[in-house]
There are 2 protein chains.
Amino acid sequence: MKALTKAEEQIMQILWDLKEAYVKDVLERMDDPKPAYNTVSTFIRILETKGFVKHRPIGKSHQYYPIVTKDEYRSFSIRRLLSGYFGGSFTKMASFFAKEENLDVNEIERIMEEVKKDVK
Amino acid sequence: MKALTKAEEQIMQILWDLKEAYVKDVLERMDDPKPAYNTVSTFIRILETKGFVKHRPIGKSHQYYPIVTKDEYRSFSIRRLLSGYFGGSFTKMASFFAKEENLDVNEIERIMEEVKKDVK
DNA sequence: TAGGTTTTACTAATTATTTAATAGTATATT
DNA sequence: AATATACTATTAAATAATTAGTAAAACCTA
């Protein structure tokens with residue numbers, strides 16, 4: 001999987017959110033100052049050539065939808081961070097975070113309970 | 001703090017590792033095919049203008065050293081990932097990771113023990 | 001001291017990314 | 001039919017990132 005550039009990622013976030021969208025729907029969700037319609041259109045087409053997005057023709061226009069899921073990209077991103085900064089170890093990352101946030105043992109317990117519940 | 005580009009980050013990783021280094025030391029540690037000496041030199045000077053690195057003149061040459069620590073940049077990177085992909089919640093990220101790796105409750109316990117030990 | 005070496009500083013060239021204008025096509029509207 | 005509207009496709013222009021050549025300074029060596 002190839003990494004997204006910042007502008008591409010911004011648009012993917014919106015597509016993941018909307019699940020399917022026309023160019024105008026994406027544009028609508030963008031922060032001010034909004035870029036030109038064609039700027040968005042171009043990026044979506046780049047995302048399509050990169051294999052992140054497909055479209056179905058609806059009448060004269062295109063409805064776009066993600067084919068790389070947000071989870072897949074999340075996973076890719078975590079892995080990149082882990083391997084670059086924590087020797088590939090999630091435990092190291094968790095420790096780092098805990099120290100940085102000054103989490104005490106109880107707070108760590110609470111987080112892990114949450115995780116356990118969620119995993120079930 | 002400003003994000004590093006890929007090439008800049010690569011060189012920072014080496015500087016963090018070496019703590020202090022001449023251009024040639026950094027070059028030495030780079031993967032083949034090695035870039036030109038001047039390429040490395042340029043990037044280090046960019047890092048200096050970005051405020052990640054300083055140097056002390058040693059004789060005719062410069063010894064470079066990081067002034068943004070790896071921990072500071074780690075922290076920045078985690079935060080960026082959390083806010084972009086996990087609604088800012090470390091718990092969510094941990095859950096995501098646990099599910100993805102199919103961690104069972106025992107494995108989660110083990111990680112938590114490790115983190116607790118480390119935090120003390 | 002003349003010629004080679006090492007290094008920094010400056011600058012240019014290349015490639016990637018971002019942005020949007022322009023042109024073309026189809027549909028709706030008057 | 002002529003005009004406006006809504007879109008896609010192509011292309012160009014602007015900016016950022018990457019790579020490295022060239023010049024200049026400082027040193028080393030025969």
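Here is how names work: the chains are called A, B, and so on, in the same order as the sequence lines, proteins then strands, and each is numbered from 1.
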Roughly how many Å is it from [atom1] in [X] to [atom2] in [N], rounded to a whole number?
X: A/K24; N: D/dC7; atom1: NZ; atom2: C1'; answer: 10 Å
X: B/Y22; N: D/dC27; atom1: OH; atom2: C1'; answer: 14 Å
X: A/D25; N: D/dC7; atom1: CG; atom2: C1'; answer: 13 Å
X: B/I44; N: C/dT7; atom1: CD1; atom2: C1'; answer: 12 Å
X: B/R56; N: C/dT8; atom1: CZ; atom2: C1'; answer: 18 Å
X: B/Q63; N: C/dT8; atom1: CD; atom2: C1'; answer: 15 Å
X: A/I58; N: C/dA26; atom1: CD1; atom2: C1'; answer: 16 Å
X: B/H62; N: D/dA25; atom1: NE2; atom2: P; answer: 14 Å

Per-nucleotide protein contact string for nucleotides 13-25 of chain C (B base, S sugar-phosphate only, - none; heavy atom under 4.0 Å): ----SSBBBB---
Side chain B/S75, main chain B/D71, donor-acceptor under 3.5 Å: no
Exam field: side chain A/D104 to backbone A/E107, donor-acceptor pair closer than 3.5 Å: yes
Residue among A/R45, A/K2, A/K50 satisfying salt bridge (charged side-chain N to carboxylate O under 4.0 Å, His left out) with A/E8: A/K50
A/Y37 side-chain N/O to D/dT8 phosphate OP1/OP2 under 4.0 Å: yes
C/dA9 OP1/OP2 closer than 4.0 Å to side-chain N/O of B/R45: yes
Check: B/Y64 ring centre within less than 6.0 Å of B/Y22 ring centre: no
side-chain hydrogen bond (donor to acceptor under 3.5 Å, both in side chains) evaluation trace for A/Q63 with A/H55: CA-CA 5 Å; A/Q63 190 185 49; A/H55 74 268; over 6 Å; no
Test item: side-chain donor near acceptor, B/Y85 and A/E9, under 3.5 Å: yes
